[in-house]
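Down below is the structure, laid out as structure tokens.
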Amino acid sequence: MAKGIEMEGMDLNQNRSYAASLASIEEARERICRIIRKTPVLSSETLNSMAGRKLLFKCECFQKGGAFKFRGATNALFSLKDEEAAKGVVTHSSGNHAAALALAAKLRGVPAYIIIPKNAPSCKVQNVIRYGGKVIWSEATMQSRETTAAKVVDETGAVLIHPYNDARIISGQGTVALELLEEFPHIDTIIVPISGGGLISGVTLAAKSINPAIRVLAAEPKGANDAALSKAAGTIIRLPETQTIADGLRASLGDLTWPVVRDSVDDVITVEDVEIVAAMRLCYEILKVVVEPSGAIGLAVVLSESFQQNPAWKGCNNVGIILSGGNVDLGMLWDSFPR
């Protein structure tokens with residue numbers, strides 16, 4: 001095992017009790033359905049031919065705030081009682097959750113205190129400011145982010161809403177699967193980006209409650225492959241550092257999301273950054289959709305050798321792919337494309 005990697009002991013055979021359920025996900029949909037956007041599903045015969053199967057792209061890049069994160073943030077914030085919400089909300093995030101919570105707070109008319117590390121992408125910081133979030137800077141380490149957030153909670157009385165390790169967040173993200181499978185019930189596989197695990201936990205709990213035979217595969221960058229290592233080891237593994245263009249996929253699994261990944265996600269498939277960039281380009285040129293690297297990784301996986309040549313996935317004929325977000329730094333995007 002690589003030096004510096006931390007492992008947290010969690011028994012594979014522990015009681016299966018999860019932070020969310022189909023019932024809580026359906027409740028979340030009822031709570032947020034008049035606020036969020038029901039996103040479209042796109043397909044392309046060209047990409048179907050390249051993949052050798054039918055691909056259905058759930059375009060969360062068209063969600064309010066530019067990413068799926070608005071679902072969970074809205075569910076969490078609108079779950080609060082008026083007296084709780086009045087003092088505002090606080091979170092620490094370098095990206096889409098920060099903007100999503102700022103927007104949800106603006107819609108409810110309460111303050112949002114957003115702790116952002118100094119290395120966050122400029123386009124995502126600008127989204128927070130655009131939505132009225134109060135930006136508070138921290139160092140890039142998780143310790144600094146959490147310490148700063150705790151200080152803000154103490155000073156303001158605001159409610160902390162974690163980016164992914166929160167039952168309300170997981171339930172909100174699971175509404176993606178409800179929409180997708182209601183529109184296309186014949187889907188046999190869903191490919192979901194994985195980072196902290198809020199999205200894939202919600203999607204997995206919803207999808208497998210509706211159709212226990214459905215496959216859910218996690219898509220992860222090789223430069224931030226803690227989920228793949230955790231799945232193989234049967235315990236949470238934290239990497240000392242990550243190296244990937246997919247800035248939204250650098251977090252580690254939480255104690256609420258890990259049990260779902262451990263028990264019910266069928267596999268974690270990793271791809272190189274060059275494959276992610278190639279998939280982004282296909283989304284732009286063929287689907288005509290703006291996606292960030294984290295959003296394109298599902299397409300990268302379904303086109304990868306590790307997926308295409310694995311006999312376990314031969315029966316994956318109707319594949320849903322979550323295009324999780326479209327908040328991309330265009331300067332970074334331009335630099336990433338080979339000339």
Side-chain angles (χ1 to χ4, degrees), residues 17-37 63-65 67-117 124-125 127-138 142-176 178 196-199 201-202 205-206 251 254-257 259-260:
S17 177
Y18 304 123
S21 64
L22 181 60
S24 72
I25 293 166
E26 289 174 337
E27 289 171 5
R29 176 166 63 174
E30 180 62 26
R31 181 176 294 113
I32 69 179
C33 64
R34 287 170 291 280
I35 305 171
I36 67 163
R37 179 174 292 135
Q63 186 55 259
K64 292 180 182 178
F68 76 93
K69 291 281 191 176
F70 186 63
R71 294 174 182 266
T74 302
N75 187 51
L77 199 150
F78 282 82
S79 296
L80 298 176
K81 296 177 181 178
D82 289 344
E83 56 270 25
E84 293 176 308
K87 293 183 178 180
V89 290
V90 60
T91 196
H92 54 84
S93 169
S94 61
N96 291 329
H97 175 71
L101 191 62
L103 178 55
K106 179 180 180 180
L107 294 176
R108 189 156 182 187
V110 301
Y113 304 95
I114 312 296
I115 286 73
I116 299 181
K124 297 185 178 181
V125 176
N127 282 344
V128 173
I129 296 170
R130 186 178 300 119
Y131 298 138
K134 303 177 188 299
V135 173
I136 300 165
W137 296 102
S138 75
M142 184 58 67
Q143 180 179 0
S144 175
R145 289 165 55 162
E146 291 178 345
T147 300
T148 306
K151 182 180 179 183
V152 173
V153 169
D154 289 341
E155 291 175 350
T156 65
V159 177
L160 177 66
I161 296 181
H162 194 277
Y164 52 86
N165 205 44
D166 183 302
R168 301 161 299 184
I169 294 290
I170 295 169
S171 295
Q173 318 307 26
T175 61
V176 173
L178 296 185
L199 176 61
S201 294
L205 291 169
D255 62 351
L256 298 184
T257 59
V260 182

List the steps, then state whether side chain to side chain contact (heavy atoms under 4.5 Å, CB included) holds for V152 with I136. CA-CA 9 Å; V152 173; I136 300 165; 3.6 Å; yes

For residues 70-80, dump all side-chain donor-acceptor pairs below 3.5 Å to protein atoms at least two apart in sequence or in another chain.
residue	atom	partner	partner atom	Å
R71	NE	E60	OE1	2.8
R71	NE	E60	OE2	3.4
R71	NH1	T175	OG1	2.9
R71	NH1	E179	OE2	3.1
R71	NH2	E60	OE2	2.8
R71	NH2	E179	OE1	2.9
R71	NH2	E179	OE2	3.4
T74	OG1	F70	O	2.6
N75	OD1	R31	NH1	2.6
N75	ND2	R168	O	2.8
S79	OG	R31	NH1	3.4
S79	OG	N75	O	2.5

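- Taking both residues in full, the closest heavy atoms of G133 and I114 are given as CA-CG1, 4.4 Å, listed atom of the first, atom of the second, then distance.
- At least one donor-acceptor pair closer than 3.5 Å links the side chain of T257 to the backbone N or O of G196.
- We find the CG-OH distance between L199 and Y164 to be 13.5 Å, quoted to the nearest 0.5 Å.
- Heavy atoms only, all atoms of each residue included: V110 and G88 are closest at CB-CA, 4.4 Å.
- Closest heavy-atom contact between A19 and I170: CB-CD1, 4.1 Å.
- Within the 4.5 Å cutoff, side-chain heavy atoms of I36 are placed close to those of Q63.
- Here the shortest heavy-atom pairing between G254 and P259 reads O-CD, 4.4 Å.
- Without hydrogens or angle criteria, T91 side chain to A98 main chain gives no donor-acceptor distance under 3.5 Å.
- By the neighbour-count criterion of 12 heavy atoms within 6.0 Å, atom CD of Q143 is sparsely surrounded, having that number or fewer from other residues, nucleotides or ligands.
- The distance from atom CG of N165 to atom CG of L256, rounded to the nearest 0.5 Å, is 4.0 Å.
- Taking each heavy atom of A20 and L205 in turn, the nearest pair found is O-CD1, 3.4 Å.
- Between I169 and H162 there is no side-chain heavy-atom pair separated by less than 4.5 Å.
- K69 contributes no side-chain N or O that, together with a main-chain N or O of G95, makes up a donor-acceptor pair within less than 3.5 Å.
- Side-chain contact check for S171 versus E27: every heavy-atom pair is 4.5 Å or farther apart.
- Counting heavy atoms from C-beta on, the side chains of T147 and K151 never come closer than 4.5 Å.
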Criterion side-chain hydrogen bond (donor to acceptor under 3.5 Å, both in side chains) on S138 and H92, from CA distance to verdict: CA-CA 9 Å; S138 75; H92 54 84; over 6 Å; no

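- Between G65 and L103 the shortest heavy-atom distance is N-CD2, 3.9 Å.
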